[in-house]
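Start at 1 and go down the list; that is how both ligands and their atoms are numbered. Just so you know, these numbers come straight off a predicted model, no measurement behind them.
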Amino acid sequence: MYKGKLAVVTGAFRGIGRACAEKLAESGVKVVINDVYNREQAERVREEIEESGGICDIMMFDVSSYREVEEGFAKIVEKWGNVDYLVNNAGIVDDNLILRMKPESFKKVVDVNLIGAFNCTKQVVRNMVKQKFGVIVNISSIVGLSGNAGQCNYAASKAGIVGFTKSLAKELASKNIRVNAVAPGFIETGMTKKIPAKDRERLVENIPLNRLGKPEDVANVVAFLLSEEASYITGEVISVSGGLHI
Ligand code: NAD
C-alpha cells in the first residue's frame, strides 16, 4: 500500500512525530525525519528504524524559517525524489494567560505551528500536482477546536491549521491530493510531561477512556489517513482524544 513511497515527517525526533515515522517505516515507506534540535537523538531514531528494516534519512531545519525549509526540501528531493506524504507535526507550546503573554510568545508559536506547516506544504505541492498524487496530514489539537485558557497562542495556531487543511483539501482534491488534520487530546510526550501529577489526575478523570493517549494512538490514525484505505477522505479533522473532545 505504501511501499516505496517517500514521507517527510517534521518534528520527528521524539513524541508523536517519531511514532509516525516509525509506523510509516514499518509499512515500507521511506521516511525523512526532520527536527531542529538534537542531531544525536535523530541518529538514534534513524538507527532504530534501520535496525527494524526501514529506510530513514535525517534533514535538520527549522520549519519556521522559509529559507531553511526550502533548502531542506530541495536536498530531500535531489536525493530521494518527490515527496508523496507530508506530516506537518512540528509544534511548540509557550503557555501563558493573555495578561502575561508577550507578543514574541504569540508570534513564535504561530510561526512554528502554523507558518511552519505552510512553509513545508509549499515545498511539496508543486511536485504532488505534477505527479497527480500526494497526501498531507497536519497535526492540529483539540485545543484548536475548543480553546483552552492559558493557550490562546497555541489554540490560535491549531485552529489556523484547521482552516489551512480544509482550504487546501478543496483546492487540491481535483489533483488527487488529499489533506486532512488530526487533533490529538492529551498525549504522553515531552510536551505534556510538565503537567503536575495532581493536574494530570484531574485531567484523566475528564477523559472518557480514562487515560492519556500514547504517541502510537495518533500515529495509527495518521498512517490510516495517508493510506489508500482513506482514499475517499479529505478535508477532515479527526480527534484522537479518548473522548475528551465529545
Ligand atoms: P514534542 O515536543 O514531544 O515533539 C515536537 C517536536 O517538534 C520536537 O522534537 C521538537 O524538537 C520539534 N520542533 C519544535 N520546533 C521545531 C521547529 N521549529 N522546526 C522543526 N522541528 C521543531 O511534542 P508532541 O507532543 O510529540 O507534539 C507533536 C505535535 O502534536 C505538535 O504539533 C503538537 O502541538 C501536537 N499535539 C500534541 C499534543 C500532546 O498532548 N502531546 C496534543 C495535541 C497536539
Evaluate the ring planes of Phe164 and Phe118, with Trp represented by its six-membered ring, and classify them as parallel (under 30°), tilted (30 to 60°) or perpendicular (over 60°). perpendicular

Any chance you could pull the hydrophobic cluster mates of Leu145, using side-chain heavy atoms under 4.5 angstrom and chaining through other members? Val162, Val237

Less than 6.0 angstrom from the centroid, inside 45 degrees of the normal: does Lys5 satisfy that with respect to the ring of Phe133? yes

Using a strict cut-off of less than 4.0 Å between a Lys/Arg side-chain nitrogen and an Asp/Glu carboxylate oxygen, indicate whether Lys194 and Asp95 qualify as a salt bridge. no

Between ligand 1 and the protein, find all N/O pairs closer than 3.5 Å and give the distance for each.
unit_1, atom_1, unit_2, atom_2, d
ligand 1, 2 (O), Arg14, NE, 3.4
ligand 1, 2 (O), Arg14, NH2, 2.7
ligand 1, 3 (O), Arg14, NE, 2.8
ligand 1, 9 (O), Asp35, OD2, 2.6
ligand 1, 11 (O), Asp35, OD1, 2.5
ligand 1, 11 (O), Asp35, OD2, 3.4
ligand 1, 18 (N), Asp62, OD1, 2.8
ligand 1, 19 (N), Val63, N, 3.0
ligand 1, 25 (O), Thr189, OG1, 2.5
ligand 1, 26 (O), Ile16, N, 2.8
ligand 1, 32 (O), Asn89, O, 2.7
ligand 1, 32 (O), Lys158, NZ, 2.8
ligand 1, 34 (O), Tyr154, OH, 2.5
ligand 1, 34 (O), Lys158, NZ, 3.1
ligand 1, 36 (N), Tyr154, OH, 3.4
ligand 1, 40 (O), Gly185, O, 3.3
ligand 1, 40 (O), Ile187, N, 2.8
ligand 1, 40 (O), Ile187, O, 3.4
ligand 1, 41 (N), Ile187, O, 3.3
ligand 1, 41 (N), Thr189, OG1, 3.1

Sidechain N-carboxylate O distance under 4.0 Å for Glu48, Arg18: yes

Is it the case that the side chain of Asn148 and the backbone of Val143 share a donor-acceptor pair, with hydrogens and angles ignored and the cut-off at 3.5 Å? no

